[in-house]
Amino acid sequence: MSSREIRVRFAPSPTGGLHLGGVRTALYNFLFARKHQGKFILRIEDTDQTRFVPGAEEYIIRCLEWCGLKPDEGPHIGGPFGPYRQSERKNVYAQYAHQLVEQGHAYYAFDTPEELEALRRQQPNFQYDATTRGQLKNSLTLSAKEVQHYLHEGRPYVIRIRMPENKTIRIHDLIRGEVEFDTNQVDDKVLLKADGMPTYHLAVVVDDYLMQISHVFRGEEWLPSTPVHVLLWEYLFGKAHMPEWAHLPLILRPDGHGKLSKRDGDRLGFPVYAMDWTDPFTGETTRGFREMGFLPEAFVNMLALLGWNDGSGQEIFTLDELVTRFSIERIHKSGARFDFEKAKWFNHEWIKRLPVKHYLEEVKIFFKQQHIPLSDDEKLMRVLELIKERCTLLGDFIEQGKFFFVAPETYDLSVIQKKWSPGMQAAFEEWEKALEQVEPWEAENIEHALIAAAEKQELKKNDMLLPLRIMLVGGKFGPPVFQIAELLGKVETRQRIRKALVAFSRHG
RNA sequence: GCCGCGUUGGUCAAUCGGCUAAGACGCCUCUCUUUCACGGAGGAAUGACGGGUUCGACUCCCGUACGCGGUACCA
């Protein structure tokens, strides 16, 4: 197995929004593939027709793309092992199921879902296994004739695996080491459903074989059903071809207990999905990390560190760095709580590090949503550069940068009330006029002019700083005030001062 | 219930038998900046419990407790 080409797959079912845990699984698959010059495959596991959600597949592909996790093969790009949608491979599974029946490793079962449900209601511990299959309606208890008869009359049936008794199945998990299962504890799982579709158990094994998957990275919730998969490998393709297993720890909710769900996000006010997801049936939209103002670099970086680290203490990694540093041995065994505060910290770091050009277009979307008129890209980039260290989410650029494009409507007067005086008024009036002559219009020169005006009124520059900020910004925040003036330009700066002077005197 | 997996500060976590137990987020204090941040300095806060093994256990083994996952014709 080790000498083969590395081929891994991310295999989501298209049932709704893409959960951050799913993205992490995709990420670890991707990192492992890239690190070993292997292939990263997207396979759509849509065997449950009742849960099919239109648009979900395209959405998943867009999410992966946003994250920078481009598959090498998949339903949207094809590849030598297609089709990559299980619903389109429906006919390949049945033959394997029937092969298992012939080998005696599986059997037909004619029990209806209602009958089984009734049994489960009677005995809460009911399992379809060696202890019960003898009393149920299947090809093990029915005569060959009866079975033929049932089959011919088109009676619905499923094919179940016949779990052997008193066997211990050992698997080697790359993350957990040796794990043992007692076959008596696992039930006769359905392999082929009455509608002719395989269940996950059959489909993964068949497709992993046919697609020559070398390593399976999947969530820890799959560990208990792994013995079924191992048995299927043994029966169908030989354990020599079986991929390596790696069961990833779960991502837990930040408060209380359990794995993180969409509901936790709604309740606690943070996203769980990678991008906005609109349910086509209800029309309801659930917010995603992207629309919440996250950079894909930060999102991916944060997820990589949720359950893995390289031991060096480094926390900020580019995707390429992650590829070179990633190692299965350093994936944790235990689940990790999602911490939205830490997620925001990652985003803040990435906003500060990346050149503003990198997220310019994304930020423009936020401004457009608020109907804030923008100037040319060059000025916008200078603005973003000036305020980026104050922004944690992309949406913060609005709050921090709006005043560069729209003059303040209201002023935070609490700051200036105690400082305002006729002298102050005079100094500002004088300075505003003097500004006319300032050339070139640069922060330093603007400041010198203000100092001169202040001295004439026997005031200190520092006394005027805060009032000036209120004039230009409206509030007590933002980058150095003379840099703001410089960026605003001479005309706009003077206009704002004049406008504010009128407003201030009215209140003073 | 049964089976499996897990358990270092509030959270993410380092440690692979020598610990006075890193670092990060968050929180608090101070500093820088007469704004808000950023930056800088400091602080509070951790090995679930009980037995072994060992000169020495956070690290290895066994129990217990707790948590999570699974137990569908869902994935």
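Side chains are part of it too, since the values below use all heavy atoms of this structure and drop only hydrogens, waters and symmetry mates. Letters A, B, ... mirror the listed sequences (proteins, then strands); counts begin at 1. Since the model is a prediction, treat every value here as computed from it, not as a measurement.
- For A:Asp187 and B:U71, the CG to C1' distance is 7 Å, given to the nearest whole Å.
- Nearest-nucleotide positions on RNA chain B place A:Lys460 closer to the 5' end than the other of A:Lys460 and A:Gln86.
- Contact check of residues 383-395 of chain A against RNA chain B (heavy atom, cut-off under 4.0 Å) returns A:Glu389, A:Arg390.
- Nucleotide B:G26 forms no Watson-Crick or G-U wobble pair with any nucleotide shown, as no partner meets the under 3.5 Å limit on both distances.
- Residue A:Glu180 is in sugar-phosphate contact alone, with no base atom involved, counting any heavy-atom pair closer than 4.0 Å across all strands shown.
- Residue contacts for A:Glu117: at a heavy-atom cut-off of 4.0 Å it reaches no nucleic acid atom on any strand shown.
- One finds a salt bridge joining A:Arg89 and A:Asp207 here, because a Lys/Arg side-chain nitrogen approaches an Asp/Glu carboxylate oxygen to under 4.0 Å.
- Note on ring orientation: taking the six-membered ring where Trp is involved, the planes of A:Phe326 and A:Trp308 are tilted (angle from 30° to 60°).
- Judged by the 6.0 Å distance and 45° axis criteria, A:Arg160 is positioned over the aromatic ring of A:Tyr128.
- For B:U35, there is no paired base (Watson-Crick or G-U wobble, both distances below 3.5 Å).
- Looking at heavy-atom distances under 4.0 Å, A:Ala336 makes contact with sugar-phosphate atoms alone, never a base.
- Taking the six-membered ring where the residue is Trp, A:Phe340 and A:Phe294 present tilted rings, their angle falling between 30° and 60°.
- Of the nucleotides present, none pairs with B:A44 by Watson-Crick or G-U wobble criteria with both distances under 3.5 Å.
- Pair assignment for B:C66: B:G6, on the basis of Watson-Crick or G-U wobble contacts that are both within less than 3.5 Å.
- Annotation: cation-pi geometry satisfied between A:Arg155 and A:Tyr150 (NZ/CZ under 6.0 angstrom from ring centroid, within 45° of ring axis).
- Residue A:Pro479 is in base contact, counting any heavy-atom pair closer than 4.0 Å across all strands shown.
- Residue-level contact check: A:Asn462 touches the bases, meaning some heavy atom is under 4.0 Å from a base atom.
- At the heavy-atom level, A:Lys259 lies under 4.0 Å from the strands shown only through sugar-phosphate atoms.
- Residue A:His332 is in sugar-phosphate contact alone, with no base atom involved, counting any heavy-atom pair closer than 4.0 Å across all strands shown.
- A:Pro124 comes within 4.0 angstrom of nothing in the nucleic acid, heavy atoms only.
- At a threshold of 4.0 angstrom between heavy atoms, the contacts of A:Arg330 are confined to the sugar-phosphate backbone, with no base atom among them.
- For A:Pro113, counting side-chain heavy atoms from C-beta on, the closest listed nucleotide (B:A75, B:C73, B:C5) is B:C73.
- Taking only distance into account, the side chain of A:Lys342 meets the base of B:A24 through a donor-acceptor pair shorter than 3.5 Å.
- Under the Watson-Crick or G-U wobble criterion, with both distances below 3.5 Å, B:A57 is left unpaired in every strand shown.
- Nucleotide B:U71 is matched to B:G1 when pairs are restricted to Watson-Crick or G-U wobble geometry with both distances under 3.5 angstrom.
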